[in-house]
J.: 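So that we are looking at the same thing, I have put the structure below in structure tokens.
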Amino acid sequence: MGTRISGTTPPRGPIRALLADDHPAFRAGLRAILADVPYPGVDIVGEAAGGPAAVALAAELRPDLVLMDLQMSGRDDTDGIDATRRITAASPATGVLVVSVFSDPAGVRAALAAGARGYVLKGAAAGEIVGAVRAVASGCAFLGTGVAALLTTLADETRPTPRPGIPGLTERESDVLRLLSTGLGTGDIARNLRLTPKTVRNHMSNLFAKLGVTNRPQAVIRAREAGLTGER
């Protein structure tokens with residue numbers, strides 16, 4: 001049934017909804033679904049077949065909710081996203097629920113970034129659409145079945161690759177270990193890092209203790225295992 005995130009107070013009386021989709025048959029299907037919404041019900045106050053018309057009608061009618069397609073009138077998917085951005089900027093109280101065939105994570109993120117409170121896929125069950133309508137009209141966020149998983153996928157794809165290292169070591173200790181693994185002596189490490197030899201020796205003692213090793217060769221093995229040297 002999707003994921004609902006709590007928000008504000010539902011409208012008093014019927015939910016005033018605007019349908020924005022360039023397919024008359026799909027708008028008719030939405031009308032049929034929304035006609036069965038329990039009290040307080042939904043009133044369809046307008047319909048638009050394109051983004052500019054949706055923006056104009058939203059400004060004129062001030063609906064509680066706009067059900068927004070992303071691709072209308074043969075234009076690309078920025079049509080619905082731009083319309084969402086303009087509607088929510090002009091009337092923050094109007095909730096936008098995207099009802100789209102697009103299921104790519106970037107499209108979902110773009111719609112939510114534009115101000116949409118909810119996103120469901122075309123073909124969703126009637127119960128899920130009704131739940132999304134009531135949630136978004138109440139000021140809540142709603143992600144349809146599978147949509148939250150898409151966002152998780154995008155987050156996984158864009159998460160930066162962890163920097164090689166050994167947990168527990170400070171950045172300076174890691175630098176010392178990396179240079180140590182190249183075969184440099186204490187003096188050369190000190191010059192590279194602009195430290196005194198005594199400070200380098202202190203860092204080496206600390207990192208040896210943290211690694212549980214007693215000598216340089218053992219420390220170098222640990223550095224290679226952790227990817228600090230580019231060797232495995």
J.: When you compare the side chain of Ile44 with that of Leu34, does any pair of heavy atoms fall below 4.5 Å?
T.: yes
J.: With distance as the sole test, does Asp79 use its side chain to make a donor-acceptor pair with the main-chain N or O of Gly51 at under 3.5 Å?
T.: yes
J.: Please list, chain by chain and in numerical order, all residues satisfying side-chain contact (heavy atoms from CB on, under 4.5 Å) with Ala53, sequence neighbours excluded.
T.: Ala48
J.: Extract all donor-acceptor atom pairs below 3.5 Å that involve side chains of residues 186-193 and protein atoms in other chains or at least two apart in sequence.
T.:
{"unit_1": "Thr186", "atom_1": "OG1", "unit_2": "Arg216", "atom_2": "NH2", "d": "2.7"}
{"unit_1": "Asp188", "atom_1": "OD1", "unit_2": "Arg191", "atom_2": "NH2", "d": "2.4"}
{"unit_1": "Asn192", "atom_1": "ND2", "unit_2": "Asp188", "atom_2": "O", "d": "2.9"}

J.: Testing the basics here: between Phe142 and Ala132, what is the closest heavy-atom pair and its distance to 0.1 Å?
T.: CD2-CB, 3.5 Å
J.: Check Ala17 against Val42 and note the closest heavy-atom contact, atom names and distance.
T.: CB-CG1, 3.8 Å
J.: Sequence neighbours excluded, which residues qualify as side-chain contact (heavy atoms from CB on, under 4.5 Å) partners of Val55?
T.: Ala83, Arg86, Ile87
J.: Taking the side chain as every heavy atom from C-beta outward, state whether Ser138 and Arg117 have any atom pair closer than 4.5 Å.
T.: no
J.: Please name all residues satisfying salt bridge (Lys or Arg N to Asp or Glu O under 4.0 Å) with Arg62, sequence neighbours left out, ordered by chain then number.
T.: none
J.: Does a side-chain heavy-atom distance below 4.5 Å link Leu143 with Leu112?
T.: yes
J.: With a 3.5 Å cut-off and sequence neighbours excluded, list the donor-acceptor pairs that the side chains of residues 93-101 form with protein atoms.
T.:
{"unit_1": "Thr94", "atom_1": "OG1", "unit_2": "Pro63", "atom_2": "O", "d": "2.9"}
{"unit_1": "Thr94", "atom_1": "OG1", "unit_2": "Ser91", "atom_2": "OG", "d": "3.0"}
{"unit_1": "Ser100", "atom_1": "OG", "unit_2": "Phe102", "atom_2": "N", "d": "2.9"}

J.: Taking all heavy atoms of Pro40 and all of Arg134, pick out the closest pair and write down the distance.
T.: CD-NH2, 4.0 Å
J.: Counting C-beta onward and ignoring hydrogens, is there a side-chain heavy-atom pair between Leu177 and Leu169 closer than 4.5 Å?
T.: yes
J.: Heavy-atom distance under 4.5 Å between the side chains of Leu70 and Tyr119, does that happen here?
T.: yes
J.: Can you list every pair that meets side chain to side chain donor-acceptor pair (under 3.5 Å) and has a residue in residues 198-207, with sequence neighbours left out?
T.: Thr196-Thr199
J.: Once side chain to side chain donor-acceptor pair (under 3.5 Å) is applied, what residue pairs with a partner in residues 35-53 remain, sequence neighbours excluded?
T.: Arg27-Glu47, Arg31-Glu47
J.: Where do Leu65 and Ala137 come nearest, in terms of heavy atoms and distance?
T.: CD1-N, 4.5 Å
J.: Using side-chain contact (heavy atoms from CB on, under 4.5 Å) as the criterion, list what pairs up with Ala124, not counting sequence neighbours.
T.: Glu128, Ile129
J.: Return the minimal non-hydrogen interatomic distance between Val66 and Ala20, and the atom names on each side.
T.: CG1-CB, 4.3 Å
J.: With side chains defined as the heavy atoms from C-beta onward, is the minimum distance between Val133 and Ile33 less than 4.5 Å?
T.: no
J.: Would you give the length of the straight line joining atom CG of Leu179 to atom OG of Ser174, rounded to the nearest 0.5 angstrom?
T.: 11.0 Å
J.: Side-chain contact, heavy-atom cut-off 4.5 Å: Lys122 with Asp69?
T.: yes
J.: Taking all non-hydrogen atoms of both residues, which atom of Pro92 and which atom of Ala89 are closest, and how far apart?
T.: CD-O, 4.2 Å
